[in-house]
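Report on the structure given below.
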Amino acid sequence: MIIYEDTVEEFSNDVRLNRISDILADTLREKHISGGSDSEINSWNNSLHFMKDVLDTPSVPRDCRVAVEYNIPQTSKRVDFMILGSDASDTDHVVIIELKQWSKVKKVNDVFKHSVMSDLRKHEPVAHPSYQAYTYKSLIMNYGGMDDKNPDSINPCAYLHNMSEDYREVLEDDIYSEWTSEAPVFLKKDVLKLQAFISKYITAKSSDDKLLYKLDYGKIKPSKSLQDSIDSMLCGNKEFNMIDEQAVAYDFIMNAIQNAQTDNKKHVLIIEGGPGTGKSVLAVNVLADSIRKLGLNASYITKNSAPRNCYQALLAKGNSKKMVDLKLAFRSPHSLPFIPENGIDVGIYDEAHRMQKKPYMYKGEDMLQDAIKASKVAVFFVDEDQKVTVNDCYSADLIRKYAKESGAVLDTETNFVLESQFRCNGSDGYIAFLDDALEMKPTANKTIDQKDFDFRVYDTADSMREALRVFNEARNKARMCAGYCYDWNVKNKRGEWDIVIENFRAKWNLENDNVFAINPDSFEQVGCIHTVQGMEFDYVGVIIGKDLVYRDGHVCTDKSAISKDDRTSKIKTCKNEALADHLIRNTYKVLLTRGQKGCFVYCEDKALRDYLKEKII
């Protein structure tokens, strides 16, 4: 959706007469799009005056068209400024300009290849403007209704009109070369260079009168390049191979997708399965084949960012530009309110039990209703025993209820259940053992045989970490994680350690580490539930805090032991004691089932340590 579009001539008049910000704000309100804050209005008044001056040159025809605040389809992302026209050979072009009011900038370090620190966001890294502009090009090419356009027809750049020459060396550092080569940076004194960049691609108005219409209303479907990338990325990636009933569930889903293309009805499928039953592997295969084989607009959508980021990284195999291509294939449910009805051909909702009705900053009214509305086919993967916060509210029954209310076809009238265990050394007995040991439900598995699964209990957190380190050295597939008990001191600048237990010192996973599960530098940090849920390792080390203890012959929970910094789970302030108890147990079951080959445990409560040790045979 384009908030403002007109000729260069009329845009210049609107800016010169100081009415451009009013037009933009009024249009946002009319179209019920969030925005138009005082700070955003100030940025329009500032940056758009600079753009008017840039376009005030004979080399840019006055009848070319500009677009301001283009809302990329199916996202909340808005492109600051675009100029549309044709070059000397009558080829249509779009020039994307990312506008920044920054005056100062500095590098984070040599690892942060996509991020910088700016004077307007002093406390956290932000995307490098060239990277930002390049991602907008990628999103538009892959999903912006311009499937007949050559990638060279979209030309991104960044204009930092307040920044002096002193900071060019930072912005054009070699670590950002992949992005600056695709989207050059123009600073305060680069007006002539920016004019030349625009004139290279635009010398006349567009020969295609429908160019803006295609950009704004074109059919949303994956580009051929994205289909090819998904195909090459999935091939030979053994992390995503399906076996057993995963393949049967896949057939159910693909049959529903095929039917939806001809019967003009919504379809909903519900796939249930406990930890390690292959829900995510199935989800990624459905995503890939919907795009590469059927040419459909499909998205993998999950509340937890960790699986999204890690699957992107695993599929892209180190190719940064392919990572950008995958951005709309892996997305947050916070994008759902921006998607029109049936705007997604196939919506794949992993960890659907973690979806929430109206979480903080969510622009819709009901996340589940929005998911069904947005998707022509909606596939929900559910495990209600993996709800870990008070606001995790959706169940298979509620999904079925909403689906029927929407008139959708329920292709799995009774839920399809994945049962085979691919994690925990394939040991269904270990899952049953945890249910019994954590007193979640009684089972016959009162003990755990280490021949079936490498389960160990350590007397110190430090000795657990050192044992885990040995296994991590082989394949970088061992990680530590913990419950909600420990304060986020480093993040809140209260100290250099978050978790201190006798001689053990550690930090929570780094705030800007989006791929903790596969980052080779992450072993020394400790992941929380939101970092590791949906992920798996060869070996996992679990620190059980004082919210889970053993008293009078029973495993008990104590929500008062949860950190004051935990704003996400809301367990500490939950007045429903039974719910709080259930969520604490769920949290530890999730953490204790992240390992494929082994799980090492340290409990702060000695009685709980002794209780678990007695169960190992």
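Just so we're clear, the structure is a prediction, and the values are computed from it rather than from any experiment. Numbers here simply count residues along the sequence, with the first being 1.
- Heavy atoms only, all atoms of each residue included: Val590 and Arg594 are closest at O-NE, 2.6 Å.
- At most 12 heavy atoms of other shown residues, nucleotides or ligands fall within 6.0 angstrom of atom CG in Asn264.
- Scanning both residues, Ser290 and Ile257, for their nearest heavy atoms gives OG-CD1, 3.6 Å.
- Salt-bridge formation is not detected for the pair Lys401/Asp397: no Lys NZ or Arg NE/NH1/NH2 atom is positioned less than 4.0 Å from an Asp or Glu carboxylate oxygen.
- Note that the OG atom of Ser332 and the NZ atom of Lys303 stand 8.5 Å from one another [nearest 0.5 Å].
- Using a 4.5 Å cut-off on side-chain heavy atoms (C-beta onward), Tyr402 and Val268 make no contact.
- Between Ile271 and Phe252 there is no side-chain heavy-atom pair separated by less than 4.5 Å.
- Gln101 has its side chain out of reach of Asn42: every pair of non-hydrogen atoms, C-beta onward, lies at least 4.5 Å apart.
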Side chain to side chain contact (heavy atoms under 4.5 Å, CB included) assessment of Asp6 paired with Arg65: CA-CA 5 Å; Asp6 215 320; Arg65 301 196 75 81; 4.1 Å; yes
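- Across every non-hydrogen atom of Ala396 and Ile270, the tightest pair is O-CD1, 3.7 Å.
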Trace of the side chain to side chain contact (heavy atoms under 4.5 Å, CB included) decision for Ser522 with Asn509: CA-CA 7 Å; Ser522 293; Asn509 57 283; over 6 Å; no
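- Within the 4.5 Å cutoff, side-chain heavy atoms of Ile399 are placed close to those of Leu368.
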From CA spacing to verdict: side-chain hydrogen bond (donor to acceptor under 3.5 Å, both in side chains), Thr389, Gln356: CA-CA 10 Å; Thr389 79; Gln356 300 174 356; 3.3 Å; yes
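- Side chain of Trp488 to main chain of Ser563: no donor-acceptor pair is present (N/O by atom type, distance under 3.5 Å, no hydrogens or angles).
- Crowding of Asp38 atom CG: a count of heavy atoms from other residues, nucleotides or ligands under 6.0 Å not exceeding 12.
- Smallest separation of non-hydrogen atoms from Val390 and Leu583: N-CD1, 3.6 Å.
- Contact check on Asp435 versus Lys589 returns a salt bridge, with a Lys/Arg side-chain nitrogen under 4.0 Å from an Asp/Glu carboxylate oxygen.
- In this structure, Leu28 CG and Ile23 CD1 are separated by 12.0 Å, a value rounded to the nearest 0.5 Å.
- Listed for the Asn297 side chain is a donor-acceptor partner under 3.5 Å among the backbone atoms of Gly343.
- Between the side chains of Gln525 and Thr531, no donor-acceptor pair of N or O atoms lies under 3.5 Å.
- Side chains of Tyr484 and Cys528 form no contact here, defined as non-hydrogen atoms less than 4.5 Å apart.
- When all heavy atoms of Tyr349 and Leu336 are compared, the closest pair comes out as OH-CD2, 3.6 Å.
- Within the 4.5 Å cutoff, the side chain of Asn259 has heavy atoms near those of the His267 side chain.
- Counted by atom type alone, Asp350 and Tyr300 present one or more donor-acceptor pairs between their side chains at under 3.5 Å.
- The residues Asp487 and Lys564 are annotated as salt-bridged, a charged nitrogen and a carboxylate oxygen being separated by less than 4.0 angstrom.
- Atom CD of Glu40 sits about 4.5 Å away from atom CZ of Arg78, to the nearest 0.5 Å.
- For the salt bridge (charged side-chain N to carboxylate O under 4.0 Å, His left out) condition, the pairs that include at least one residue of residues 365-380, sequence neighbours left out, are Lys357-Asp366, Lys358-Glu365.
- For Tyr134, the ring-ring contact (aromatic ring centres under 6.0 Å, His included) partners at least two apart in sequence or on another chain are Trp179.
- Using a 4.0 Å cut-off between charged nitrogen and carboxylate oxygen, Glu351 and Lys279 do not count as a salt-bridge pair.
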Criterion side chain to side chain contact (heavy atoms under 4.5 Å, CB included) on Val532 and Leu591, from CA distance to verdict: CA-CA 7 Å; Val532 302; Leu591 298 180; 3.6 Å; yes
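- The distance from the CG atom of Asn492 to the CG atom of Asp565 is 5.0 Å, given to the nearest 0.5 Å.
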Ile41 and Asn45: CA distance, side-chain angles, deciding distance, side chain to side chain contact (heavy atoms under 4.5 Å, CB included) verdict: CA-CA 6 Å; Ile41 289 172; Asn45 286 329; 3.7 Å; yes
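- For Lys559 (side chain) and Cys574 (main-chain N/O), a donor-acceptor pair under 3.5 Å exists by modelled atom type.
- Here the shortest heavy-atom pairing between Leu282 and Ala249 reads CD2-CB, 3.5 Å.
- Judged by distance alone, the side chain of Arg585 and the main-chain N or O of Met440 form no donor-acceptor pair under 3.5 Å.
- In this structure the side chain of His334 reaches within 4.5 angstrom of the side chain of Pro359, judged on heavy atoms.
- Between Val116 and Val126 there is a side-chain heavy-atom pair separated by less than 4.5 Å.
- The backbone N or O of Ile301 lies less than 3.5 Å from no partner atom in the side chain of Ser299, so there is not a single donor-acceptor pair.
- Of the options Gln132, Glu98, Lys100, a side chain to side chain contact (heavy atoms under 4.5 Å, CB included) to Asp80 is made by Glu98 and by none of the others.
- Here the CZ-OG1 distance, from Arg331 to Thr302, works out to 13.5 Å after rounding to the nearest 0.5 Å.
- Taking CG from Leu398 and CD from Gln369, the interatomic distance works out to 9.0 Å, rounded to the nearest 0.5 Å.
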